[in-house]
Amino acid sequence: MNQSSTEVKRVLISVSDKTGIVEFARGLHELDIEIISTGGTSKLLRAENIPVRDVSDLTDFPEMMDGRVKTLHPKVHGGILGLRDEHAEVAKAHHIHWIDLVVVNLYPFAETIKKSTATFDDAVENIDIGGPTMIRSAAKNMGWVGVVIDPQDYDLTLKELRVKKQLTFATRKNLATKAFEHTAEYDAMIYQYLAGQQNSTQTFPDGLELHGTKYLELRYGENPHQAACAYRLSEKSTGVLSAKQYQGKELSYNNIADADAAVTCVREFSKPACVIVKHANPCGVASADNIFEAFERAFKADSLSAFGGIIALNRPCTKVVADAVTKIFFEVLIAPGYTPDALELFASKPNLRVLELNSETNATTKHDMKFIDGGVLIQEKDIKQIAEHDLKIVTKRKPSNDEIQTMLFAWPVLKQIKSNAILIAKNNATLGVGAGQVSRVDAVDIALKKAGENLAGAILASDAFFPFRDSIDRLANTGIHAIIQPGGSMRDDEVIAACDEHNIAMVFTGTRCFKH
């Protein structure tokens with residue numbers, strides 16, 4: 001492959017996104033580079049008094065079928081794909097002129113399918129054919145041809161051309177790499193759209209296409225010796241990577257993971273709520289009549305663990321909340337908005353990462369994925385809600401209305417705690433969390449220790465059934481007199497009997513909420 005610099009004498013321009021194209025084309029014209037163009041691009045450049053040759057003049061064939069056929073022609077692709085040192089005689093015999101630079105971006109498929117009014121026919125009509133073909137042709141022939149698909153590369157390309165009217169191989173290779181990334185993302189987006197349109201009982205498609213856009217190279221991963229990077233999988237993302245950052249250092253790998261966990265949890269609540277996450281697990285969650293009370297109660301739930309944690313609010317952050325937050329060390333605060341005086345207060349804590357994200361928006365992704373060696377596990381997100389009518393009372397003692405309401409508060413929090421998970425809550429606030437234990441009774445012990453002594457009126461929630469009565473016996477004389485759990489153990493009768501012995505009400509949800 002030729003790796004020498006190549007002179008650019010002729011360029012083909014056909015762009016849907018016309019950002020910066022007039023200035024770029026004018027710069028090419030000033031370098032006496034011939035410009036060939038199509039349709040709307042040609043019309044725009046002519047209106048700006050930039051000389052243009054139509055593709056139809058090059059091919060001796062008109063654009064036709066409403067523009068569907070215009071660049072799919074040997075005189076176009078021969079000019080792009082031909083090897084200058086091997087195919088010169090063939091090109092001359094067939095009157096093919098070399099095209100040294102291809103400037104193309106594609107029909108706005110992504111923008112089209114975002115529109116609520118877009119039909120299936122609209123989407124299909126915005127599948128580009130000629131554009132990807134020219135891009136791939138030019139990228140394949142990077143030994144001789146340059147390809148520009150991103151308006152952000154116009155200045156870089158012009159700057160290099162102005163030196164000797166040439167492009168280096170390094171530049172052509174970098175541009176080609178970016179071009180193949182672009183077409184891969186485009187094709188994957190079309191595939192995912194079409195797969196989602198199928199009227200099928202199949203929950204998951206036969207093929208899985210993932211394509212991300214680099215968002216940020218991180219300083220390191222979970223540990224300093226691990227390299228890491230963050231990618232956005234969708235421009236429509238409503239997640240942490242789409243948040244606006246007002247201040248603070250760049251987000252770390254752990255910051256992003258914990259902030260995602262916090263936002264996922266706080267989105268479970270419609271009333272004002274605050275979630276504090278530490279090491280991927282909620283350590284304090286509360287819902288209240290106002291956002292300051294929610295923050296205050298979430299922090300008091302486990303102030304020791306909350307130190308250095310991640311806060312998520314589902315209401316705008318006010319000055320009174322900001323004043324409380326600045327008195328404690330936190331890594332990240334994420335909220336749907338901030339009052340000006342709150343932001344002014346945060347300026348005194350420049351290391352605090354302050355992010356804005358609409359917490360009321362539904363999550364973009366409907367699935368969870370976990371990479372394993374040689375494969376990917378994928379599942380639907382756990383979006384199942386539990387209502388009062390889902391609860392089955394199985395004990396002699398019936399839970400009070402306050403206990404039931406606290407159970408309904410606790411369950412969506414429990415869904416976000418790593419299993420085995422036990423949560424103790426009272427008055428719509430968490431008191432103690434036992435997370436990620438290999439033994440359920442150990443999780444109970446940890447939650448009790450975290451919760452302290454004032455447990456009268458508190459409830460206990462378990463993400464899976466109790467295999468033995470030992471966990472229930474731990475609750476004797478603690479003040480906890482109500483339990484919510486899925487049920488389904490072969491020893492349910494034994495567990496229910498233990499509850500009756502200790503005058504504890506227990507309800508079954510019939511639904512497990514493991515989170516691994």
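The structure displayed is predicted, hence computed values, not measured ones.
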Would you say [Y] and [X] are linked by a side-chain donor-acceptor pair, where the criterion is simply a distance under 3.5 Å?
X	Y	value
T509	D390	no
R440	S462	yes
T19	D17	yes
S400	D402	no
D122	T119	yes
H502	D473	yes
N255	R353	yes
E23	Y154	no

Nearest heavy-atom pair of I480 and I424: which atoms, and what distance?
CD1-CD1, 3.9 Å
Flag yes if more than 12 heavy atoms outside [X] fall under 6.0 Å of its [atom1] atom; otherwise flag no.
X	atom1	result
Q247	CD	yes
F346	CZ	yes
N223	CG	yes

Quick one: sort the Y186 and H182 rings into parallel, tilted or perpendicular, breaks at 30° and 60°.
tilted
Does F409 have its ring centroid less than 6.0 Å away from the ring centroid of F269?
yes
Quick check: Y215 with Y231 (ring centres under 6.0 Å apart)?
no
Measuring from K319:NZ to T326:OG1, what's the distance to the nearest 0.5 Å?
10.5 Å
Measure the CG-CD1 distance between D260 and I256 for me, rounded to the nearest 0.5 Å.
9.5 Å
Using side chain to side chain donor-acceptor pair (under 3.5 Å) as the criterion, list what pairs up with T511, not counting sequence neighbours.
none
Qualifying residues under side chain to side chain donor-acceptor pair (under 3.5 Å), relative to D442, sequence neighbours excluded
none
Does Y220 form a ring-ring contact (aromatic ring centres under 6.0 Å, His included) with Y253? I'd like the steps, not just the answer.
CA-CA 7 Å; Y220 52 80; Y253 183 97; 9.3 Å; no
Please tabulate, one pair per line, all N/O donor-acceptor pairs under 3.5 Å involving side-chain atoms of residues 450-457, not counting sequence neighbours.
| from | atom 1 | to | atom 2 | distance (Å) |
| --- | --- | --- | --- | --- |
| K450 | NZ | D302 | OD2 | 3.3 |
| K450 | NZ | S305 | OG | 2.9 |

